[in-house]
Every structure is written in C-alpha cells, then in structure tokens.
Number of protein chains: 2
Amino acid sequence: MKVIAREDRGLPARIAGDIGRRITLGELKAGETLPREADMLATLGVSRTTLREALKILSTKGFIEAKPRLGTRVRAAEHWNTLDPVVLSWQGDAEDQDALAEELFEIRLSIEPLAARLAARRGSAADHAAIRAAFVRMSQAQAGLEEAIEADIDFHLQILQAAHNRFLLPISSVVRAALSISIPKTMAASGGFGPSLAQHEAILTAIERRDGEAALAAATTLIASTYKRNFG
Amino acid sequence: MKVIAREDRGLPARIAGDIGRRITLGELKAGETLPREADMLATLGVSRTTLREALKILSTKGFIEAKPRLGTRVRAAEHWNTLDPVVLSWQGDAEDQDALAEELFEIRLSIEPLAARLAARRGSAADHAAIRAAFVRMSQAQAGLEEAIEADIDFHLQILQAAHNRFLLPISSVVRAALSISIPKTMAASGGFGPSLAQHEAILTAIERRDGEAALAAATTLIASTYKRNFG
DNA sequence: TTCTCATATAATCGGAGTTATTATCGGTCA
DNA sequence: TGACCGATAATAACTCCGATTATATGAGAA
C-alpha cells in the first residue's frame, strides 16, 4: 500500500508517522500520556519546532490531545480521522488486516453504487469519456499486469469524480486502499479479471446512457460479487 | 453550525481557521501562492512557530502545499479533507449552502441505510439500548425544542456507532452537519417531527429484531422523504 | 543542450519567557 | 465528622525569537 509518498516528506511528517503507527499498532494505548515535550526532544533528537509540528499533525488527525499540566494523551480510536489517506497507510501496518479489508468493502458497497448513479445523472461528457478510457486501458492490458490493476482502480476513482459531490472525493483513498488489497487477490483466484470485466462494462454503459438506476444496480452487483469472492 | 468548539483552541488553530475560511470562500484561489513566511509573520503578528503550526494544519487537511523556493500554494478543492469536522465548519461560512446541504444528503442517503443494516446485524444489546434511549428522548421532548433536535441527531449517530465499522465514525460529522441544517427546516415546515417520528421508530424496531434488510429499507425511506421535503 | 552554481525560500534548530489547566490545600457549611 | 467550595501553587504545554541548514529553481557558462 505504498500509495502515499508525497505526504511522508519532511521530518515532522516522518516523526508523526512513527508515533502514529505505534498508536495504531496498540503499542501506545488510548488514555496513555506520552512523555513530556522535553523528554521526547532528548529521545528523538530533533528540535522543538519539529516535534511540535509532528504532534500538531497527530492532533489534527484526532490521535492525540495536548493539555497544559496534564500532558499529551492518546485519544481513543473513535476520534481518529480514519478516512485520511495518511492514517489509512498507518493502519496498513496493523494486524487485523482482514477486518480492515471487510470494513473497507462495507464502505465501498454503500458509496460506489450511489456514486455511479450520480455519475450517470450529472457527469459531463468529458467525465464519461474518462471512465471509458480507464475501462479500455483495463480491458486491453494483459491480465496480471500492474497496469491493469491501476486501470481498474482508476475506473472506480473516475466514477467518484464524475459524481460531482465534494464529500465523495476524500473517500477515494478508501476505495483505492480496498482495491489495492482485493484486486490482486481476485486475480490470483480466477487468473484474470474473469466476469468482473463484463460487470465493469455494464456500469460503464449504464452511465453513458445516463440510466442512473441501472448504473446503481450494476455497481451493486459488481461490488457484492467481489465482496463474496473475498469474504464468502 | 457552531458544533465544533474544542478544535478552535490554540492560536495556530485560530490562524489556520482564518486562512482556511478565506480559501473556502474563494478569496484565496487554487494555485495562488500566499505571501512568504516572513511577510505573513509581519502581517499576522505571531511567531514563526505559531505560523508554521497553522500552515502545518492546513497542509494536513490538503489545503496548501509548501515547497522551498516555490512558496506555499493553495491546492485545488479536490484535495481537501472535506469530511474533517473542522473543514466542514469552515465550509459552513461559504456561499453555496444549498448545494452543500444537498451533497451532504447524498452522502447520508448512501451511508445511513447500510449503517442501519450493520447495526441490526452486529450491534450489541447495549448499542440497541442506546439507540432506543435516543428515540425515547426524541419522542418525549416537546416539539421545536433544542433537546428534541439533539436527540434526533444522537439517534442517527448511535446507529453509526452500532455498525462497528471504523470508517463510519468519521462520517458522523457529515451526518451531524446535515441534520443541523435540515431538522430545524423540517420542523418549521410541519410544526414538529410529523411523520418522521414513526419512520424513526420503524428503523429502531427493525434494528432491535435484528432484521437488517428491513432496517436498511426503513432508513432509506426516512432519509429519502426528508430529502424530498428539503429539496423537492 | 547540459551541467554548474548562485540564490531565494522553506525547514530545522535551541533557548527563554508566558499562559492555561489542574491538583492540592485550607477553610466553610451541613 | 463529612462533604463541598474557593484560593493557591505547580507543572506542562504554548508562544516567541533569531540564527542556521537544506533544497529546489533558474540563470549562466561550457
């Protein structure tokens, strides 16, 4: 899941990642107060500015909460910005990968059909062309190739974009993460896209003829069948 | 939409909010590079640490991107973490409130029915009790009261919690925002909860008898009818 | 064209003073 | 005697400051 690269730039981001991962791994538990500023400075060997920016990052993602006199405490998982791509990448190292993948699918199952309907209704011609382009790349690429996987992911992301709903865009990272896990698994099982290629095409054509309900149904079919293949 | 209060604590957060709002309002457009560090220090009258932490906040929310030699540039809206409660509160001051509200509803329409189904399937007895408690508070409170609105919001949030999917929790802020807008509007129109109370009860009982599909259908009905009342 | 180098800018550093929150203690009232 | 409330002090985060370092870009030379 090496999707994110740019966000790791900078010393504060790296330190925030180190601490963030330790939190998702359970090494640092909720309620626990981590060492005070002065001690962490000595431990990490960075400047106050850098540490403070790192903690500020963790704070905006809901991982920690700093109060005078009390120290900096780890917050419970329910406060985390789980949809943040960076947070998602931290969780990628955690243990409960199966549960994670299943929960990702549950989100896809609720979001993508609606996105398909919206894309059919209000997507522009250019939007639809972008979706078709992704589909073409997907079907032409030889099975098992990185390129095909990327095209598959792109297909789904283009639909989200075409829906023209600003709240759908941040969910792209979830979809991307879920697909990065499931596509290789699916391909290994059926030696290629198998029936999913036709299912993708069904979504595409429904969107192109602006049939919202058909697009919704087709998307539901695709994701549900993929879900079954991955989790039974 | 003064839902968020705690997150405004601290000088960096306030400054980040000032700049963030100017971005959502379109005063600062995408691609634009904002003044260099030294100039902003003079303008804002704060220290380097504070300004840097403020910019770090905006950066983690996808609003800006800082590069040496190039300056700090405003990023396009598609990179914003729109689901972040703080970002949501910034957008609350923007102009296209109707479009915003409609898009919020589209998300609810896709998320909440699924959450209801999951709550029915895997919610604990305690979860179900919490949902019922919210419903009772909602039905007993006199119409038009703040208390009733809060109970209504709580009802929906409890369902999201009961679904036991970590990615649903960050969406709570969206649901809360959408409800804060729509409930008062709905109540003003029909002089109280009207038919929605019965619709809430339908969701509740379906969840309690662990009938996932019925819960999903009931939630869809409620949200769709509310949607129609708000947008026609 | 390609490489090198100067330069502007953000990134990092470390120390000191300030502010806010909490815990403790002392007193008061039931 | 017990519980409750208000002033006080201690502690940790918060803010400020000026200097140094790293890096990306564009200009100029080979």
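Every chain is numbered from 1 and lettered A, B, ... according to where its sequence line falls, protein lines coming before strand lines.
Direction change of the helix axis from one end of the helix from dT1(C)-dA30(D) to dA30(C)-dT1(D) to the other is 30°, with five pairs defining each end axis (rounded to 10°).
When the side-chain nitrogen and oxygen atoms of Thr50(B) are compared with OP1 and OP2 of dC14(D), none of them lie within a distance under 4.0 Å. Between dT15(D) and Ser47(B), no contact under 4.0 Å exists linking OP1 or OP2 to a side-chain N or O.
In this structure, the CD1 atom of Ile15(A) is 10 Å from the C1' atom of dT12(C), given to the nearest Å. Note: CD (Glu65(A)) to P (dA20(C)) measures 17 Å, nearest angstrom. Atom P of nucleotide dT15(D) and atom CD of Glu37(A) are separated by 11 Å, given to the nearest angstrom. Remark: C1' of dC16(D) and CD of Glu53(A) are 15 Å apart, rounded to the nearest angstrom. Distance Leu58(B) CG to dA10(C) C1': 16 Å, rounded to the nearest Å. We find that CG of Leu55(A) is positioned 13 Å from C1' of dA12(D), with the value rounded to whole Å. Rounded to whole Å, the distance from CG on Leu44(A) to C1' on dC13(C) is 14 Å. With rounding to whole Å, Asp39(A) atom CG is found 11 Å from dA12(D) atom C1'.
A donor-acceptor pair is defined here as one N or O able to donate and one able to accept, closer than 3.5 Å; such a pair exists between the side chain of Thr226(B) and the backbone of Leu222(B). Formation of a donor-acceptor pair under 3.5 Å by the His200(A) side chain with backbone atoms of Phe155(A) is not found in this model. At distances below 3.5 Å, not a single donor-acceptor pair connects side-chain atoms of Ser172(A) with backbone N or O atoms of Leu157(A). No donor-acceptor pair under 3.5 Å is formed between the side chain of Glu103(B) and the backbone N or O of Leu100(B). Here the side chain of Thr82(A) pairs no donor or acceptor atom with the backbone of Val87(A) at under 3.5 angstrom.
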Verify side chain to side chain contact (heavy atoms under 4.5 Å, CB included) between Val86(A) and Asn81(A), making sure each step is shown before the conclusion. CA-CA 9 Å; Val86(A) 180; Asn81(A) 278 12; over 6 Å; no
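Using a 4.0 Å cut-off between charged side-chain N and carboxylate O, Asp152(B) and Arg137(B) make no salt bridge. Looking at Asp96(B) and Arg166(A), a side-chain N of the basic residue comes within less than 4.0 Å of a carboxylate O on the acidic one, giving a salt bridge.
Every ring pair (Phe, Tyr, Trp, His ring centres under 6.0 Å) that Phe63(A) has, sequence neighbours left out, goes to Trp80(A), Trp90(A).
For the pair Arg36(B) and Arg52(B), nearest-nucleotide mapping onto DNA chain C gives the more 5' position to Arg36(B). In this structure, Leu51(A) and Thr72(B) both approach DNA chain C, and ranking their closest nucleotides by distance from the 5' end singles out Thr72(B).
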If you restrict it to nitrogen or oxygen atoms, what contacts under 3.5 Å exist between nucleotides 18-27 of chain D and the protein, and what is each distance?
none

